[in-house]
Protein chains: 2
Amino acid sequence: MAADHVSLRRNNLSVVLRHVRAAGPRSRARIAADTGLNKATVSSLVAELVERGLLREGQAEIERGALGRPGQLVELDGSSVCGVGAEINVDYLAVAALDLSGGVVLEHRVPLDVAHQDPSTTLDRLADLIREAVAAVDARGGQTAGVTLAVPGLVQSATGSLKLAPNLGWNEVPVVDEMRARLGDPAYPFRVDNEANLAALAEYSELKKDTGNQADDLVLLTGAIGVGGGVVSDGHLLRGGHGFSGEVGHMPVAPAGRTCGCGRTGCWETVVGLTTLLNKATDADDPVRDPSLDVERRLAEITRRAEAGDARTLGALADVGTWLGIGGAILVNILNPDVLVLGGYFASLGPWLQEPLESAIRDRVIAPEGGGCRVVQSELGFAAAVRGGAQISLDQVFLDPTLIGRDATGVAQ
Amino acid sequence: MAADHVSLRRNNLSVVLRHVRAAGPRSRARIAADTGLNKATVSSLVAELVERGLLREGQAEIERGALGRPGQLVELDGSSVCGVGAEINVDYLAVAALDLSGGVVLEHRVPLDVAHQDPSTTLDRLADLIREAVAAVDARGGQTAGVTLAVPGLVQSATGSLKLAPNLGWNEVPVVDEMRARLGDPAYPFRVDNEANLAALAEYSELKKDTGNQADDLVLLTGAIGVGGGVVSDGHLLRGGHGFSGEVGHMPVAPAGRTCGCGRTGCWETVVGLTTLLNKATDADDPVRDPSLDVERRLAEITRRAEAGDARTLGALADVGTWLGIGGAILVNILNPDVLVLGGYFASLGPWLQEPLESAIRDRVIAPEGGGCRVVQSELGFAAAVRGGAQISLDQVFLDPTLIGRDATGVAQ
DNA sequence: TACTTAGTTTGTTGGCTCAACAGACAAAGT
DNA sequence: ACTTTGTCTGTTGAGCCAACAAACTAAGTA
């Protein structure tokens, strides 16, 4: 809370660094004009950020044709710092490493039937993947700013423990401690977070990249066997008092519906989950239903049928889209996001879900003009969570550039 | 974003002022120890805050029995700055003025059938009340830090316009402009906000006062004819992209239920609204149903019957409590608040609602141990929104003490 | 075409100010 | 004698301002 010269400097370093990220390569003079800082101050700040390896002098001189002395472009230096994201999900493990400028250094996914493994075995495999990612960062001459693990369950961020992950069959696993031990107590911070939260963060970054500014309120729906929700409100991740926010899968929206894994009837999951879609769209002996098949392959087949105009498939998709809208409207009324992002399997099948979904929302939202809520399909799809994990580690650096290089006050957990 | 010496100073003034509010009267040395600021710095900051009339040297010397030189207590100075809150609701207008230390300077409510008035007449009456409140502040030798108006509807905070208030029958009313004109373009800032949002803020302050720290995530339910929701997340009001968040009254929870004023069936309002309770608890010719009767008086009668053990009343209350829990569980799953506060009429009847409500929530929440969500009855009841309005104006001063006194950079809107 | 000059913009330098800090110290108690 | 408070003095660090050199465009002149 209390601020001194050091935090003042830290703040302004962060302002400059984030401005370059948000607005792209720029001359010092331009940064000064944009941020309101003095030219001299910006020079000093940029010099320090260059020294820390976070910014670099741009190769290009500047756009021609302008009057006066051309400026020296300053841009993000992707070479020195990377964030690593990892993910444990029902049927795969994944890692990704992003550099400071958002470039993908590495992305790796391996299929694994996590639910039928011992957690310990899964964590061993994951440790291998993370070591591989960190090695790739090292090989590039970079430093790992942090690793964040995404899990489909309830996470207590403070203690780094996974309280409950029904779809994995995990319960009270101290994932951070377990992983830190496996990785030999690494210097970089290691965090866990909910999969949907991290995916929401990744989508938020993506949105910022595309639309420039505006839109600081976003809801992400991740569709898989279960349904997860991630909420970004006013640019901040909504975590809730104990970090258990976004549990939207069990909203009772269809009292006449199927029995849910949680024991109750009519949960949202039971009408929009992937299993339900497949049951509606196919016969019991249809090979697409085979649970041992890769999810992406099953989705590809559904997509093919939809494109071919198969009536039953289209009907099932329209049905899911409508139910998605019925639950979505609840979220929109409560949270009033600017954007509702369809992630996970909803993204793959977005083209057929979007129309019925939007119409269902329009019918149910109180705020004028549907609360101004746009519905978009995720471009990241199933990769959103790992990306978000890498992103969140990088965000720490953007918030406090002094974590990196020079005096490096300590890669504080 | 970008910070300089002035913002550094502003921040630290704010830190000291807020610390005294949160932790109570304290010596300078203690403030320094608590905040991490240097003793000398705290002396300087306190001196400035005293000069601005926000703090004052405490009368009492200090607790006895301690070793060493006793400290001079420093405490909030309630005498110089007040925040004013106002409220337009279906059947009353209200104002309140709070001083910096949270003391109630004035609280005034007048019954008015707003829905059957011309908006202009209502605003005229409200202007009278506000003038009265500001005059009361003046009479105490104080300065009005700002006035915030609470309305039961969708508010666009930026433009200060009320987009839609179904229960008032209002639509697209530029309330801020209208009121500023009536008040003769006052120097203090004038804002509008949603009634439930402001009430949530007031409850949050109340909570902080009681429990000290912890609990930064809260959901408030205001019960009246309609049902409103206000959300505080991580200490911040959740507003949503367009400021239309918290519209919980029309969540479709009871598909088999009554038709709602909004045209759909099964909205939450239709099973937990006051009208529904009365219909369930009484016969058609029961005088309690008389809508011209004062709400508080009708609630008093229901309370009397419940206390007397009237089976039908108790049944109706249990029913409403359960439905409250069914919808409440949705909110708890999405937002994971530490506390769920029952406001409005739910507060008056809380003793009978709480048990079935808590049980319904426990049955439906995914997170372990009910997500740790406590259910409490509001102490402020129907006065929460005005209090919150006054509070929010004061909060501006706590966030930027330089708004008041001395150089007063301008009572910026 | 080659050269000069004016005008504009960039980025650095040195001096100034402001605010926090550190340490010394008097004051006020045990 | 010992402790703790609060003030005072001098130092440090960071941002600001104004001046200035550098780098370029535009236009006028030979």
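Sequence lines set the chain letters: A, B, ... in the order given, protein chains first and strands last, and positions in each chain run from 1.
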Euclidean distance, atom CZ of residue B:R10 to atom P of C:dA19 [Å, nearest integer]: 11 Å
Protein-nucleotide distance (A:N11, atom CG; D:dG15, atom C1'), rounded to Å: 12 Å
Counterpart residues, side chain to side chain donor-acceptor pair (under 3.5 Å), relative to B:S44 (two or more places apart): B:R9
Rounded distance (Å) that lies between atom P of C:dT10 and atom CZ of A:R26: 12 Å
Ring geometry between B:H236 and A:H236 (parallel below 30°, tilted from 30 to 60°, perpendicular above 60°): parallel
Residues which pass side chain to side chain donor-acceptor pair (under 3.5 Å) with B:S43, listed by chain and number, not counting sequence neighbours: none
Touch class at under 4.0 angstrom, heavy-atom based, for A:D4 against every strand present: sugar-phosphate
Flag side-chain contact, heavy atom, 4.5 Å: B:T148 against B:V192: no
Residues in side chain to side chain contact (heavy atoms under 4.5 Å, CB included) contact with A:V20, at least two apart in sequence or another chain: A:I31, A:L55, A:L76
By salt bridge (charged side-chain N to carboxylate O under 4.0 Å, His left out) - contacts of B:D193 (at least two apart): B:R239
Residues that A:S7 engages under side chain to side chain donor-acceptor pair (under 3.5 Å), provided they are two or more places apart: A:D4
Side chain to side chain donor-acceptor pair (under 3.5 Å) against A:D77, all qualifying residues, sequence neighbours excluded: A:R56, A:S79
Please list each protein N or O that sits under 3.5 Å from an N or O in nucleotides 9-14 of chain D, with the distance.
{"from": "D:dG13", "atom 1": "N2", "to": "A:H5", "atom 2": "NE2", "distance (Å)": "3.2"}
{"from": "D:dA14", "atom 1": "N3", "to": "B:H5", "atom 2": "NE2", "distance (Å)": "3.1"}

Phosphate OP1/OP2 of D:dC17: any A:N38 side-chain N/O under 4.0 Å: yes
Atom-to-atom span, CG of B:L45 to P of D:dT7 - whole angstrom: 12 Å
Distance, rounded to the nearest Å, where A:L55 contributes CG and C:dG11 contributes P: 13 Å
Between D:dC24 (P) and A:Q72 (CD): distance, integer Å: 8 Å
Scan nucleotides 25-28 of chain C against the protein and return all N/O pairs shorter than 3.5 Å with their distances rounded to 0.1 Å.
{"from": "C:dA27", "atom 1": "N3", "to": "B:R69", "atom 2": "NH1", "distance (Å)": "3.4"}
{"from": "C:dA28", "atom 1": "N3", "to": "B:R69", "atom 2": "N", "distance (Å)": "3.4"}

For B:N38, all residues meeting side chain to side chain contact (heavy atoms under 4.5 Å, CB included), sequence neighbours excluded: B:A40, B:T41
Atom-pair distance (CG on A:D34; P on C:dT10), nearest Å: 11 Å
Below 4.0 Å: OP1/OP2 of D:dC8 and any side-chain N or O of B:S43: no
